[in-house]
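What follows is a single structure, written as structure tokens, with notes after it.
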Amino acid sequence: MAKGYNAPAEVRELEKQINDFTYRNGLDVRTVFQDLLRYIVHGFSLPDTPPLTDWRYNKEQTKVFYDMFATWIQIMSQQIERHGWYDAFGDLFMALTSQSGQQQKGQFFTPMHITDLMSKITMGKQESPSKIISVCDPTAGSGRTLLAAKADRPQSYLVAWDIDYTCCLMCVCNFLINGCVGEVVCIDSLRMNNFRGAWIVNEALCRTGLPTVRKLDEKKYNLFKQADIPPYVFFINQKDYDDYFRMRETWAKVMSLFQEPPTTKTGT
């Protein structure tokens with residue numbers, strides 16, 4: 001039998017918390033892992049976000065999720081300071097899903113040092129580091145390739161697509177904690193169907209300093225894309241942001257005048 005993936009020492013405390021909680025409550029480890037991701041994403045969601053109506057845990061069990069969340073924050077703070085970016089959940093997912101009985105459900109992500117190399121090759125020489133670019137990964141997984149791209153070009157608008165819902169949640173969490181601005185879309189990027197949700201991440205980070213996420217259904221996401229907001233808008237200060245949308249509103253009103261049919265005046 002093939003050996004499972006061993007999580008690095010940095011994340012083993014969180015791995016133990018997840019495994020212990022799973023064993024004590026007779027649950028599936030993938031379910032607990034995904035619910036932890038959902039708990040974190042909801043915690044960073046905008047104030048008007050509806051509560052998690054399908055949350056299956058009681059008050060005492062929910063406190064354990066808070067403890068897991070606190071452990072994750074501590075791990076990420078230490079490792080981002082050391083490495084510039086970090087993906088704890090990618091390693092945890094590989095370790096948890098390569099346990100006995102889980103191998104057929106597992107995935108294995110590109111090692112971090114390889115994604116760093118890929119980013120340097122792809123992004124090329126930074127002739128203008130302040131230039132804001134968009135970077136898209138149609139099979140993002142936990143988002144490692146995009147995290148590496150952001151480390152090379154901090155002002156990059158990142159777009160992550162993946163068909164796996166758990167991977168998308170990992171990617172959202174990684175965007176939040178690593179200070180990435182962009183969007184995550186759960187979709188079949190080959191057939192461009194099977195849409196299951198989209199998340200706009202850190203859209204106000206550069207103006208407020210606060211990490212946030214906004215989940216959109218397919219209709220609202222299509223409206224968001226139709227608005228055609230240039231990526232640079234997410235990286236400007238509050239005054240320039242307000243000026244940009246005032247300008248758009250004024251321009252829309254001017255254009256509407258030309259779209260109205262001329263009226264014909266009749267004499268009396």
For residues 166-188, tabulate all N or O donor-acceptor pairs below 3.5 Å that involve a side-chain atom, not counting sequence neighbours.
unit_1 : atom_1 : unit_2 : atom_2 : d
Thr166 : OG1    : Gln34  : NE2    : 2.7
Asn174 : ND2    : Asp87  : OD1    : 2.8
Asn174 : ND2    : Ser142 : O      : 2.8
Asn178 : OD1    : Tyr86  : N      : 3.2
Asn178 : ND2    : Tyr86  : O      : 3.1
Asn178 : ND2    : Asn174 : O      : 2.9
Glu183 : OE1    : Tyr157 : OH     : 2.5
Glu183 : OE2    : Tyr221 : OH     : 2.5
Glu183 : OE2    : Lys225 : NZ     : 3.2
Asp188 : OD1    : Leu190 : N      : 3.0
Asp188 : OD1    : Arg191 : N      : 3.3
Asp188 : OD2    : Arg191 : NH1    : 3.0

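Taking a cutoff of 4.0 Å between a charged side-chain nitrogen and a carboxylate oxygen, Lys239 and Asp242 do not qualify as a salt bridge. Ion pairing between a basic and an acidic side chain is recognised when a charged N comes within 4.0 Å of a carboxylate O; Arg144 and Asp91 show such pairing. Here Lys220 does not pair with Asp217 in a salt bridge; the nearest charged N to carboxylate O distance is not below 4.0 Å.
Aromatic pair Phe65/Trp55: centroids less than 6.0 angstrom apart. Side-chain rings of Phe33 and Phe89 approach one another, their centers coming within less than 6.0 Å.
At distances below 3.5 Å, at least one donor-acceptor pair connects side-chain atoms of Asp28 with backbone N or O atoms of Thr31. Side chain of Thr49 to backbone of Leu46: a donor-acceptor contact under 3.5 angstrom is found. Side chain of Thr115 to backbone of Ala148: no donor-acceptor contact under 3.5 angstrom is found. For the pair Gln74 (side chain) and Thr71 (backbone), a donor-acceptor distance under 3.5 Å is absent. A donor-acceptor pair is defined here as one N or O able to donate and one able to accept, closer than 3.5 Å; such a pair exists between the side chain of Arg12 and the backbone of Ala7. The main-chain N or O of Gln78 is never found under 3.5 Å from a side-chain atom of His83 such that the two would form a donor-acceptor pair.
Ile163 and Val159 are assigned to two separate hydrophobic clusters, defined by single-linkage of ILVMFWY side chains at heavy-atom distances under 4.5 Å. Val11 and Met94 fall within the same hydrophobic cluster, where Ile, Leu, Val, Met, Phe, Trp and Tyr residues are linked whenever their side-chain heavy atoms come under 4.5 Å apart, directly or through other members. Side-chain heavy atoms closer than 4.5 Å link hydrophobic residues (I, L, V, M, F, W, Y) into clusters, and following such links, possibly through other members, connects Leu216 to Met192. No continuous path of hydrophobic side-chain contacts links Met118 to Leu158 [ILVMFWY only; heavy atoms under 4.5 Å]. Under a hydrophobic-cluster definition in which Ile, Leu, Val, Met, Phe, Trp and Tyr are linked whenever side-chain heavy atoms come within less than 4.5 Å, directly or via other members, Leu27 and Leu36 are assigned to the same cluster.
Counted within 6.0 Å of CH2 on Trp161, heavy atoms from surrounding residues, nucleotides or ligands total 12 or fewer; the atom is thus considered open. Heavy atoms of other residues, nucleotides or ligands lying less than 6.0 angstrom from OH of Tyr66 number 12 at most. Taking a 6.0 Å sphere around OH of Tyr23, one finds it holds 12 or fewer heavy atoms contributed by other residues, nucleotides or ligands.
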Is there a ring-ring contact (aromatic ring centres under 6.0 Å, His included) between Trp199 and Tyr165? Walk through the geometry before answering. CA-CA 12 Å; Trp199 298 261; Tyr165 196 82; 5.6 Å; yes

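Using a 4.5 Å heavy-atom threshold, the side chains of Tyr57 and Asn25 count as separate.
Here CD1 of Ile18 is found 12.0 Å from CH2 of Trp72. Values are rounded to the nearest 0.5 Å. To the nearest 0.5 Å, atom CG of residue Leu92 and atom OG1 of residue Thr97 are 10.0 Å apart. The CD1 atom of Ile236 sits 8.0 Å away from the CG atom of Asp243 when rounded to the nearest 0.5 Å.
Across all their heavy atoms, Ala88 and Met76 have their closest contact at CB-SD, 3.7 Å.
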